[in-house]
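Note sheet for the following structure.
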Protein chains: 2
Amino acid sequence: MKYKSFAHMNCSIAQTLEIIGERWTLLILRDAFRGVRRFEDFLQTGMSRNVLTERLKNLVDQEIMDKQPIDGKSSEYLLTKKGLQLQPVLLSITHWGDKHMANPKGIRTIFVEKKTGKPIAPMSAYSNDGRALKPNEIAIKAGPGSTTS
Amino acid sequence: MKYKSFAHMNCSIAQTLEIIGERWTLLILRDAFRGVRRFEDFLQTGMSRNVLTERLKNLVDQEIMDKQPIDGKSSEYLLTKKGLQLQPVLLSITHWGDKHMANPKGIRTIFVEKKTGKPIAPMSAYSNDGRALKPNEIAIKAGPGSTTS
DNA sequence: CAGTATCCTACGTGATACTG
DNA sequence: CAGTATCACGTAGGATACTG
């Protein structure tokens, strides 16, 4: 019995997890957002070579990262536009962890707007006119793609 | 060789993944946000009983969900406040999946503000004065908790 | 209905050696 | 430096039977 795939589920969360939900993958993406580009540098996070190879291959296949040759022997891995759009996912996870598993010495990573140097707003759902919404202020409606038949 | 734990890493993402990064866990949370409360209903997502049991136990241990007895034999699982605060994570993943793995028939799930019935704004980072920020407009700074020593 | 308990096995992981 | 290849191992996952 193989592991069940999430890919067939008609659900954005399930299908997304099928791509980025594997062990180590989100840590690789975290590193990429921090500027890591090279194979040996990604390795520092702690996974073994074969795992990194396989994860990077998947990310490239999914067009989340792009592999660019540098000089014939080396390559760099860069986030594509599709990959960059995962930033809210990483930011949301980071904020939750900051809140619930804080380092006693204080916050570990601060996200600031480059232009102003000011910290960004906490990740949250917002109304279309910019009010932060609490979880219980949001309802879920089925859209046209909600059925498979 | 056991699987390496992420828990010791001084990183909010790694520590959060240690809790909610296991297979099936985010799908259980997705169901919970949609109103699922009962063991047998969570099962419908497709995992087997022993896995669901173990995942729910972890979520309760981490105070992400709360197990409440109903009538001596049945129980319900409800998201705690800590669990509800994972909503931005789920929303971000959903939005990304909606964009990059769309169902050809249209969007599957629409999140609306209860009060107005209007769709919420797309998940994004925002500046502290409410402007949506693109990934490359954000910089990362080390905070006081960034070092372990 | 809500679990608990077993059993089996494929797969993911980790380590390491090796290559260009 | 950037992988590829191989191997051994544990365990996560799945199926299912059983209990209160």
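Everything numeric here is computed off the predicted structure, so don't read it as measured data. Letters go in sequence order (proteins before strands), and every chain restarts at 1.
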Original post:
What is the nucleic acid contact for Phe42(A), judged by heavy atoms within less than 4.0 Å: base, sugar-phosphate only, or nothing?
Top reply: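 Answer is nothing: Phe42(A) stays at 4.0 Å or more from every strand.
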Original post:
When all nucleic acid strands are considered with a 4.0 Å heavy-atom cut-off, which category describes Ser74(B): base, sugar-phosphate, or nothing?
Top reply: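 Touches sugar-phosphate only.
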Subject >> Ser74(A) side chain vs Ile70(A) backbone, donor-acceptor pair below 3.5 Å >> reply: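 Such a contact is absent between Ser74(A) side chain and Ile70(A) backbone.
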Original post:
In Å, rounded to the nearest 0.5 Å, how long is the span from CD of Gln62(B) to OG1 of Thr25(B)?
Top reply: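 That separation rounds to 10.5 Å.
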**OP:** Starting at OH of Tyr77(B), measure out to CG of Asp66(B) and round the result to the nearest 0.5 Å.
**Re:**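 Tyr77(B) atom OH to Asp66(B) atom CG measures 10.5 Å (nearest 0.5 Å).
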Whole-Å distance separating the [atom1] atom of [X] from the [atom2] atom of [N]:
X	N	atom1	atom2	result
Glu54(B)	dT4(C)	CD	P	12 Å
Lys57(B)	dA2(C)	NZ	P	16 Å
Asp71(A)	dA2(D)	CG	P	9 Å

Subject >> Under 4.0 angstrom between Arg38(A) side-chain N/O and dC1(D) OP1 or OP2 >> reply: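 For dC1(D), neither OP1 nor OP2 has a side-chain N or O of Arg38(A) closer than 4.0 Å.
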Original post:
Given dG14(C), is OP1 or OP2 found less than 4.0 Å from the side-chain N or O atoms of Trp24(A)?
Top reply: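 Looking at the OP1 and OP2 atoms of dG14(C), one of them is under 4.0 Å from a side-chain N or O of Trp24(A).
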**OP:** Estimate the overall bend of the helix from dC1(C)-dG20(D) to dG20(C)-dC1(D) from the end axes over five pairs each, rounded to 10 degrees.
**Re:**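 End-to-end axis angle for the helix from dC1(C)-dG20(D) to dG20(C)-dC1(D): 40°, rounded to 10°.
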Subject >> Position toward the 5' end of DNA chain D (nearest nucleotide), Val51(B) or Ser75(A) >> reply: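 Closer to the 5' end of DNA chain D: Ser75(A).
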Subject >> Residue Gln68(A) excluded, over 12 heavy atoms near CD under 6.0 Å >> reply: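 Count over threshold, so yes.
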Subject >> Residues, nucleotides or ligands: over 12 heavy atoms within 6.0 Å of Arg131(B) CZ >> reply: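 Count over threshold, so yes.
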Subject >> Distance-only donor-acceptor test (3.5 Å): side chain Asn50(B), base dG14(D) >> reply: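 It does, because a donor-acceptor pair links the side chain of Asn50(B) to the base of dG14(D) below 3.5 Å.
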Original post:
Considering only heavy atoms from C-beta outward, does the side chain of Tyr126(B) approach that of Leu133(B) to under 4.5 Å?
Top reply: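 Not in contact.
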**OP:** Name the residue closer to the 5' end of DNA chain C, choosing between Arg49(A) and Glu22(A) according to the nucleotide with the nearest heavy atom.
**Re:**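 Whichever sits nearer the 5' end wins; that is Glu22(A).
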